[in-house]
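Each chain gets a letter, A, B and so on, in the order the sequences are listed, and its residues count up from 1.
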Amino acid sequence: MGLNYWLMKSEPDTFSIDDLKKSPKQVTAWEGVRNFQARNFLRDQFQVGDLAFFYHSSCKVPAIVGIMEVIRTGLPDLTACDPKSPYYDPKSSMAAPRWYLVELKLKEKFNTPITLSALKMNPKLSKMRLLQRGNRLSILPVSQTEWRTILNML
DNA sequence: GCCAACGTTGGC
DNA sequence: GCCAACGTTGGC
């Protein structure tokens, strides 16, 4: 099986691509995913070497702002075990982790973000999951064709 | 701040 | 297992 492509949303007020750029080694643990479908992607389908778009959501100009590479997978999200964390989940435990995360390294920050409205205007992307009505998943698979189409928009 | 759409919870 | 109520997401 080949490598996968993903789109990962983050609210820039919480964690932006510049925060990632400033992180040690430009690596981050993508913590706080609390949706089962997204969790299943993280736990079961992410592979080392996969590439992911960094997407800024819930902000003035929602956009793809860069590319990350998956460097570690299948790690339990221990913020679920920390009562002081906003991501605390009493139903998770060290012995039986409920939530997982991956580690990502910044590959590229785009000089010009690819905005949501630009994505919507590209007829080749009409089937993209991000653009489907009512989509709320914070982690979405991207097809290889979509990935290439989007890179061609840079 | 609004609201459509969706996910989760919990009573039955 | 159903489904109403509630909470969250996220664009606008």
Side-chain angles (χ1 to χ4, degrees), chain A residues 4-23 28-46 50-70 73-104 106-143 145-154:
Chain A
N4 306 306
Y5 298 97
W6 305 97
L7 181 139
M8 306 178 77
K9 300 179 187 174
S10 181
E11 300 185 16
D13 289 345
T14 304
F15 187 79
S16 71
I17 194 162
D18 288 322
D19 293 326
L20 175 56
K21 203 172 178 182
K22 286 180 289 190
S23 299
T28 191
W30 202 264
E31 55 192 30
V33 172
R34 296 293 179 269
N35 168 285
F36 289 103
Q37 244 184 297
R39 187 278 312 268
N40 293 346
F41 286 142
L42 287 175
R43 190 190 56 187
D44 306 332
Q45 289 190 244
F46 269 64
D50 284 358
L51 297 175
F53 285 131
F54 194 132
Y55 179 84
H56 280 173
S57 67
S58 288
C59 56
K60 224 167 206 169
V61 185
I64 295 172
V65 291
I67 297 174
M68 303 177 287
E69 182 176 353
V70 177
T73 61
L75 305 164
D77 184 347
L78 298 180
T79 61
C81 299
D82 176 5
K84 278 172 288 184
S85 166
Y87 304 127
Y88 176 60
D89 177 2
K91 290 180 184 159
S92 190
S93 69
M94 295 281 200
R98 193 184 209 206
W99 304 111
Y100 286 79
L101 56 74
V102 298
E103 278 185 8
L104 299 155
L106 180 65
K107 262 205 115 183
E108 184 182 351
K109 179 192 168 183
F110 298 154
N111 293 324
T112 311
I114 304 170
T115 64
L116 177 60
S117 64
L119 294 171
K120 284 180 173 170
M121 285 190 302
N122 189 328
K124 289 181 186 166
L125 296 175
S126 60
K127 296 223 181 92
M128 194 182 176
R129 263 182 93 171
L130 177 73
L131 306 181
Q132 303 312 305
R133 239 163 64 101
N135 145 70
R136 298 190 316 172
L137 263 189
S138 65
I139 296 177
L140 295 165
V142 175
S143 77
T145 310
E146 290 163 352
W147 182 271
R148 278 197 287 250
T149 300
I150 292 166
L151 288 183
N152 279 333
M153 295 168 69
L154 281 171

Next on the checklist: Does Asn152(A), at its CG atom, have more than 12 non-hydrogen atoms belonging to other residues, nucleotides or ligands within less than 6.0 Å?
Outcome noted: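 Correct, the count exceeds 12.
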Mark yes or no for whether [X], through its side chain, and [Y], through its backbone, hold a donor-acceptor pair below 3.5 Å.
X: Asp19(A); Y: Ser16(A); result: yes
X: Ser58(A); Y: Glu11(A); result: no
X: Asp77(A); Y: Glu31(A); result: no

Checklist entry - Do Trp99(A) and Phe36(A) make the cut of ring centroids closer than 6.0 angstrom? => result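 Judged by ring-centre distance (under 6.0 Å), Trp99(A) and Phe36(A) do meet the cut-off.
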Checklist entry - Out of Phe54(A), Trp30(A), Phe53(A), Phe41(A), which one pairs with Trp6(A) under the ring pair (Phe, Tyr, Trp, His ring centres under 6.0 Å) rule? => result Phe41(A)
Checklist entry - Could you walk me through whether Arg34(A) and Asp89(A) pass the salt bridge (charged side-chain N to carboxylate O under 4.0 Å, His left out) check? => result CA-CA 9 Å; Arg34(A) 296 293 179 269; Asp89(A) 177 2; 5.3 Å; no
Checklist entry - Base, sugar-phosphate alone, or nothing: which one does Lys60(A) contact when heavy atoms must sit under 4.0 Å apart? => result nothing
Next on the checklist: Using a strict heavy-atom distance below 4.0 Å, which residues from residues 29-38 of chain A are in contact with DNA chain C?
Outcome noted: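 Those residues whose heavy atoms fall under 4.0 Å from DNA chain C, taken from residues 29-38 of chain A, amount to none.
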Checklist entry - Contact boundaries of DNA chain C with chain A (under 4.0 Å, heavy atoms), 5' to 3'? => result dG7(C) to dC12(C)
Next on the checklist: Show, in sequence, the C-alpha distance, side-chain angles and deciding distance for Met128(A) and Ile150(A), and conclude whether the side-chain contact (heavy atoms from CB on, under 4.5 Å) test is met.
Outcome noted: CA-CA 11 Å; Met128(A) 194 182 176; Ile150(A) 292 166; 3.6 Å; yes
